[in-house]
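Along the sequence shown, the residues carry numbers beginning at 1. All values below come from the heavy atoms of this structure, side chains included, with hydrogens, waters and symmetry mates left out. Model, not experiment: these values are computed from the prediction.
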Amino acid sequence: MTKWKSVKVVRGSGGWGGPLTITPTDKKHTILYVTGGNRPKIIDKLVKLTGMKAVDGFKTSVPDEDIAVAVVDCGGTLRCGIYPKKKIKTINVLPTGKSGPLAEFMTPELYVSAVDVDEITPTDEEDAPVEDKAEEVEVEKAETKDAKIDTSKTITQQSDKGSWVGKIGIGIGKVVATFNQAAKKSVKTVIETILPFMAFVSLLIGFINGSGIGRWFAKLMTPLAGNVWGLMILGFICSLPFLSPLLGPGAVIGQIIGTLIGVEIGKGNIAPQYALPALFAINTQNGCDFIPVGLSLMDADAKTVEVGVTSVLYSRFINGVPRVFVAWLASFGLYAGTK
């Protein structure tokens, strides 16, 4: 019988969460890393200390019930919260705290960030395979259902099964609760995610205008952003399959370059007809880092993830340059009255 070894993972400098104790079993003995196609050093250390196997989430996937720990490099969007939502222990190599639309699921028992090789240490325990308690829970639920009293329901639900008034009240209550929770999450997302990014972009524009970096950047980018051939080169670079997952997280590259180009178009340093092809050129890589997470959210099979990630990356690469050229053709006449 295979013996597995446990490790303790603590947060690094500037990190959040933890400590986590990773204990593999015969059922859960896989390390899933979704890190933009690269393999962090901590993966090799985890494999060496625990005896688990590592799987690249950008190449293939495994069922959630087989994952002992997920390793991500998320700056605060969805990846850092999707696995804690599934009750999968998550290690973030970046110093990202509790943030993003799924922040409510990121607890110290399931999430730790800013982790490097020095934050992973072996424990004194050597654990034999332990079966999960999911089956025991199912048995308990089955026994409860067989009992005369259903403890999973309230007294009102048990005594008023046939009351249509009660059913209508329960239905209305569920609808109101759903909309109320959705409103809370929307406001929370706006306050914690959208407004800070808007403030960052405003600060960036002010810095560009006040420091003179805009003029310097305009001279640097004019050979690319000022003509269709340069924009096609920019689109080609952003669509390279080995670069696009690294440039995609948070759409930061596209947002920053888009802001700079927009400012220079407003100043008249770049012709306005290049706005549309520039938009297509700087956004070719967007979403390429999210493919494994999106497929995981849809409970895709391992083969679907393996084929889907590759197909999306290469489809982006194939249409990266043509889409910029088509956008350039479509921009003719859009700004005929612009001086």
Side-chain angles (χ1 to χ4, degrees), residues 1-9 17-74 78-93 102 105-113 115 119-120 122-123 125-141 245 289-312:
M1 183 177 291
T2 305
K3 292 285 187 178
W4 305 102
K5 295 182 179 180
S6 299
V7 293
K8 183 178 180 181
V9 184
L20 302 181
T21 299
I22 311 299
T23 304
T25 67
D26 271 351
K27 187 171 182 61
K28 292 181 176 288
H29 58 269
T30 300
I31 305 168
L32 179 68
Y33 61 98
V34 188
T35 52
N38 65 312
R39 184 183 174 105
K41 295 180 180 179
I42 65 171
I43 299 298
D44 295 327
K45 186 166 184 179
L46 285 171
V47 170
K48 181 180 179 181
L49 293 179
T50 64
M52 293 190 289
K53 66 176 182 179
V55 173
D56 186 350
F58 275 89
K59 295 181 179 179
T60 186
S61 183
V62 293
D64 291 341
E65 57 268 20
D66 294 346
I67 302 174
V69 61
V71 179
V72 300
D73 61 345
C74 180
L78 193 62
R79 264 183 296 173
C80 56
I82 181 61
Y83 297 106
K85 182 181 179 181
K86 298 180 178 182
K87 304 301 181 183
I88 297 174
K89 293 182 179 180
T90 304
I91 297 174
N92 195 344
V93 298
L102 298 179
F105 301 102
M106 298 165 63
T107 62
E109 295 78 19
L110 292 173
Y111 176 83
V112 64
S113 63
V115 177
E119 281 70 52
I120 302 175
T123 65
E125 304 173 3
E126 187 170 303
D127 303 284
V130 178
E131 295 297 331
D132 293 335
K133 295 184 178 180
E135 296 182 2
E136 297 178 8
V137 174
E138 294 296 330
V139 172
E140 291 178 2
K141 288 183 178 179
D289 64 311
F290 182 74
I291 309 165
V293 179
L295 292 172
S296 177
L297 284 171
M298 299 303 296
D299 295 324
D301 295 333
K303 187 63 177 178
T304 304
V305 176
E306 185 175 353
V307 175
V309 172
T310 304
S311 61
V312 171

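Evaluation of the side-chain contact (heavy atoms from CB on, under 4.5 Å) rule for Pro108 yields Trp16 as partners, not counting sequence neighbours. In this structure Thr107 satisfies the side chain to side chain donor-acceptor pair (under 3.5 Å) test together with Glu109, sequence neighbours excluded. For the side chain to side chain donor-acceptor pair (under 3.5 Å) test, residues two or more places apart in sequence or in another chain that qualify with Tyr111 are Asn92. Lys45 pairs by the side-chain contact (heavy atoms from CB on, under 4.5 Å) definition with Leu49, Val117, Ile120, not counting sequence neighbours. Every residue two or more places apart in sequence or in another chain that forms a side chain to side chain donor-acceptor pair (under 3.5 Å) with Asp44 is listed here: Arg39. Legend: residues meeting side-chain contact (heavy atoms from CB on, under 4.5 Å) with Val62, ordered by chain and number and at least two apart, are Thr30, Val55, Ile67.
Once rounded to the nearest 0.5 Å, the distance linking CG of Leu20 with OG1 of Thr90 reads 8.0 Å. Put simply, CD on Glu65 and NZ on Lys28 are 7.0 Å apart, with the number rounded to the nearest 0.5 Å. Remark: Phe58 CZ to Thr310 OG1 distance equals 11.0 Å, nearest 0.5 Å. Between Ile22 atom CD1 and Lys8 atom NZ the span is 12.0 Å, to the nearest 0.5 Å. Note that CG of Asp56 is 9.0 Å distant from CD1 of Ile43, once rounded to the nearest 0.5 Å. We find the CD1-SG distance between Ile91 and Cys80 to be 14.0 Å, quoted to the nearest 0.5 Å.
Side-chain atoms of Ser311 come within 3.5 Å of backbone N or O of Gly308 as a donor-acceptor pair. Side chain of Lys89 to main chain of Thr21: a donor-acceptor pair is present (N/O by atom type, distance under 3.5 Å, no hydrogens or angles).
Shortest non-hydrogen contact noted between His29 and Met52 is O-CB, 3.4 Å. Of all heavy-atom pairs spanning Gly51 and Trp4, the tightest one is O-CZ3, 3.2 Å. Residues Leu32 and Gly57 come closest through the heavy atom pair CD1-CA, 3.8 Å. Across all their heavy atoms, Ser6 and Pro24 have their closest contact at CA-CD, 4.5 Å.
Between Val47 and Ile31, some side-chain heavy-atom pair lies under the 4.5 Å cut-off. Leu46 places a side-chain heavy atom less than 4.5 Å from the side chain of Val71. A heavy-atom distance below 4.5 Å is not found between the side chains of Val7 and Thr123. With contacts defined as side-chain heavy-atom distances shorter than 4.5 Å, the pair Pro122/Lys5 does not qualify. By the 4.5 Å heavy-atom criterion applied to side chains, Ile42 and Tyr33 are not counted as neighbours. Under the 4.5 Å side-chain criterion, counting only non-hydrogen atoms from C-beta, Leu110 is in contact with Lys87. Looking at Arg79 and Val34, their side chains come closer than 4.5 Å, going by heavy atoms from C-beta outward.
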* To do: Show your reasoning for whether side-chain contact (heavy atoms from CB on, under 4.5 Å) applies to Ile82 and Leu102.
  => CA-CA 7 Å; Ile82 181 61; Leu102 298 179; 4.2 Å; yes
